[in-house]
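Single-structure report; data block below.
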Amino acid sequence: MEACPRPELFDFCGVSMTSYFTKNWEKVQAFQARPDDIVIVTYPKSGTTWVCYILDLLYFGCSQERDASLYLHERVPFLELAMPDYPYGTDELEKLPTSPRLIKTHLPVQLLPKSFWEQKCRVVYVGRNPKDNAVSYFHFDRMNSLQPEPGDWNSFFHRFLDGNMVFGSWYDHVSGWWEKKQSYSNLLYLFYEDLVEDTGRELGRLASFLGLAPSAEDRQQIREKVHFDSMKNNPMTNGSTDHILDLSVSPFMRKGKVGDWKNHFTVAQNEVFEEHYLLKMKNSTVAFRTAL
Ligand code: A3P
């Protein structure tokens with residue numbers, strides 16, 4: 001397979017993007033949602049894979065037969081994905097046999113296809129504190145050959161503050177979706193930090209939002225399967241067969257912690273960050289925890 005070049009960022013409807021998520025835009029925007037579709041939305045590196053897996057197990061059970069035979073990305077297609085050598089997300093979704101369909105997207109709120117709103121689909125949003133989010137994104141861009149060159153940590157840090165990332169500004173993403181939650185009742189806004197703190201509790205919140213009632217035994221089984229160590233060892237979730245990911249540079253299931261930013265941010269960067277954060281988020285009431 002020929003290596004594809006790392007893509008350039010460009011402005012797309014006011015959001016920085018690469019062609020790997022915009023090439024199929026006409027079909028994405030025209031996507032026909034169904035009323036029972038469940039949309040999982042995140043800014044990249046906020047725990048998407050984790051929550052996709054939890055939802056898949058909640059809906060479709062933990063049977064070994066299914067769980068060992070289908071990659072998570074096949075069970076939960078990525079709506080706007082349009083990368084070389086991968087099927088388009090919209091095509092995967094049209095073929096998906098499950099009901100409901102679980103749909104992954106990183107789109108900012110203003111770019112979600114309108115059919116999802118018209119059909120009043122349930123939306124699960126997951127937000128993660130920006131410091132850990134930035135660190136996780138940096139390592140991801142190092143190991144993913146279809147992301148822009150990350151450069152060194154300091155330049156990546158400044159790009160993150162400026163919102164020059166694939167899928168745009170973290171600040172706009174988390175606050176845009178938070179704002180939407182105030183008027184759209186079919187939206188559950190979860191936090192990565194809460195999931196780390198008490199996965200069982202958040203599983204319960206998810207189940208009740210979705211109108212599901214898993215037995216105590218099912219819950220226990222799901223909790224075991226979605227534990228960081230289990231997912232790290234599971235080829236269906238750990239990215240080990242994905243040819244664009246170089247796990248020798250950094251694992252896809254990297255650390256799974258709250259507070260790893262302390263191993264990356266210098267004191268000066270933290271000061272710059274805090275000041276910038278207050279400015280960017282002054283109009284939003286969403287709050288994140290950077291430590292547990
Ligand atoms: P780190 O890079 O900080 O380890 P996404 O799925 O949106 O790409 O998010 C990836 C981040 O979620 C990574 O963070 C990854 O380790 C973390 N993650 C994935 N599964 C997890 C789990 N079961 N428990 C805790 N963190 C998890």
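Indexing begins at 1, ligand by ligand and atom by atom, following the structure's order. Because the structure is predicted, anything quoted here is derived from the model rather than measured.
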- Query: Between Leu195 and Arg205, is any pair of side-chain heavy atoms under 4.5 Å apart?
  - Reply: no
- Note on the structure: Those residues with a heavy-atom separation under 4.0 Å from ligand 1 are Lys45, Ser46, Gly47, Thr48, Thr49, Trp50, Arg128, Ser136, Tyr192, Val226, His227, Phe228, Met231, Met253, Arg254, Lys255, Gly256
- Item | Option from Phe140, Tyr43, Phe21 for which ring pair (Phe, Tyr, Trp, His ring centres under 6.0 Å) with Phe167 holds | Phe21
- Task: Measure from the side-chain N and O atoms of His106 to the backbone N and O of Thr48, and report whether any donor-acceptor pair falls under 3.5 Å.
- Result: no
- Task: Give the cluster check for Leu187 versus Leu212: same hydrophobic cluster or not, with ILVMFWY residues linked at side-chain heavy-atom distances below 4.5 Å.
- Result: yes
- Flag side-chain contact, heavy atom, 4.5 Å: Asp242 against His73: no
- Are Arg66 and Asp56 close enough for a salt bridge, meaning some N to O gap below 4.0 Å? yes
